[in-house]
Amino acid sequence: MKKGRSIFISTFFVVTTLLLCACHSPKVATGFQLPKNIRLHTGDLVFRTGRSIESHTVTLTDQNSVYSHVGILLWTSNGWQVLHAVPNERAKSDEKDSVKLETLETYFLTDRASNGGIYRIPINAEDTLKLLQKSLEIHQRHLLFDNAFNDQDSNAFYCTELVWFIYKSELGIDLSQGMRHRVPVFPELIFCSDLLTCPGIEKIYEF
C-alpha cells in the first residue's frame, strides 16, 4: 500500500510540475505585515506554502516539510527583499519565468502564501555581505527559472537550488547536506525539508 501511494504521489508531482502552472490561486491578495519585534538578517531563508494544487503536490511529495517554496532574504536600498526562482508569477504575460527580487510583503501576499516561515543559518556579518553581493549579481544576470531542474547548471535555478547554490558557492555551506531525492522523469531534487535540517538552523518567525 505504501509503495502504491508513493508511486501515485510521484506521478502526480511529475504531471503537475510539468504543467508549470501558477504557484498561487486566483484569490484577491491582501498584504503581509511582519511583527515589529522580529529582527531580520540578510541571508535568512524565507519559506512559504502556496495555495495551488502544484504546491500541495510538492508538500505531499516532500512529507517532511509543510513548505513548498523558498527564497533568500536581502537588505537592499528598497528595504527587505526576497530573491527567489518561481514559475508563472509574471507581471506581464510575455515575460519569461526568471529569478525574481521582490519585497517581503509581496512574497507573502495571501494569494501566494497560506503560511510561511523565516529561518536563520548561523553566519557572521562578513558572510551576510558575501551572500548579498552574490544574490544581487545573480539577479542582475536576469537568469531564468530552471525548467530542467538541474543543479549542475548555474545559469538557471529552481527555488531550493538557488538558495543552496548561493550558500555553497560563497560560504562553502551545503544547506542540503548532500541530500537529493529521486522523482520520476526529473534529475535528483533538493527539497525544502533538506534545507530545514541544516545543522544550526534557527526558526525566527512563522505564521
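- Side-chain contact check for Leu74 versus Leu101: some heavy-atom pair is nearer than 4.5 Å.
- Counting only residues at least two apart or on different chains, the ring pair (Phe, Tyr, Trp, His ring centres under 6.0 Å) pairs with a member in residues 113-138 are Phe47-Tyr119.
- Taken to the nearest 0.5 Å, the CG atom of Asp153 stands 7.5 Å off from the CD atom of Glu161.
- Scanning both residues, Gly71 and Val163, for their nearest heavy atoms gives C-CG1, 3.6 Å.
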Enumerate, atom names and distances included, each donor-acceptor pair closer than 3.5 Å involving a side-chain atom of residues 199-207, sequence neighbours excluded.
from, atom 1, to, atom 2, distance (Å)
Lys203, NZ, Glu206, OE2, 3.1

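- Relative orientation of the His139 and His142 rings is tilted, given thresholds of 30° and 60° on the angle between their planes.
- Applying the side-chain hydrogen bond (donor to acceptor under 3.5 Å, both in side chains) criterion to Glu105, with sequence neighbours excluded, gives no partner residue.
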If you apply the rule salt bridge (charged side-chain N to carboxylate O under 4.0 Å, His left out), what do you find for Asp174 with Lys168, and how did you get there?
CA-CA 5 Å; Asp174 184 353; Lys168 188 71 166 63; 5.7 Å; no
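- Evaluation of the side-chain contact (heavy atoms from CB on, under 4.5 Å) rule for Thr106 yields Glu102, Thr103, Leu109, Arg112 as partners, not counting sequence neighbours.
- For Thr59 (side chain) and Ser68 (main-chain N/O), no donor-acceptor pair under 3.5 Å exists by modelled atom type.
- For residues 77-106, every residue pair satisfying the ring pair (Phe, Tyr, Trp, His ring centres under 6.0 Å) rule, not counting sequence neighbours, is listed here: His69-His84, Trp75-Trp80, His84-Tyr107.
- Between the side chain of Thr42 and the backbone N or O of Thr128, no donor-acceptor pair lies under 3.5 Å.
- Here the shortest heavy-atom pairing between Gln177 and Thr197 reads NE2-O, 2.9 Å.
- To the nearest 0.5 Å, atom OG1 of residue Thr160 and atom CG of residue Asp194 are 8.0 Å apart.
- Legend: salt bridge (Lys or Arg N to Asp or Glu O under 4.0 Å) pairs involving residues 57-83, not counting sequence neighbours: none detected.
- Here the SG-CG distance, from Cys198 to Leu45, works out to 8.0 Å after rounding to the nearest 0.5 Å.
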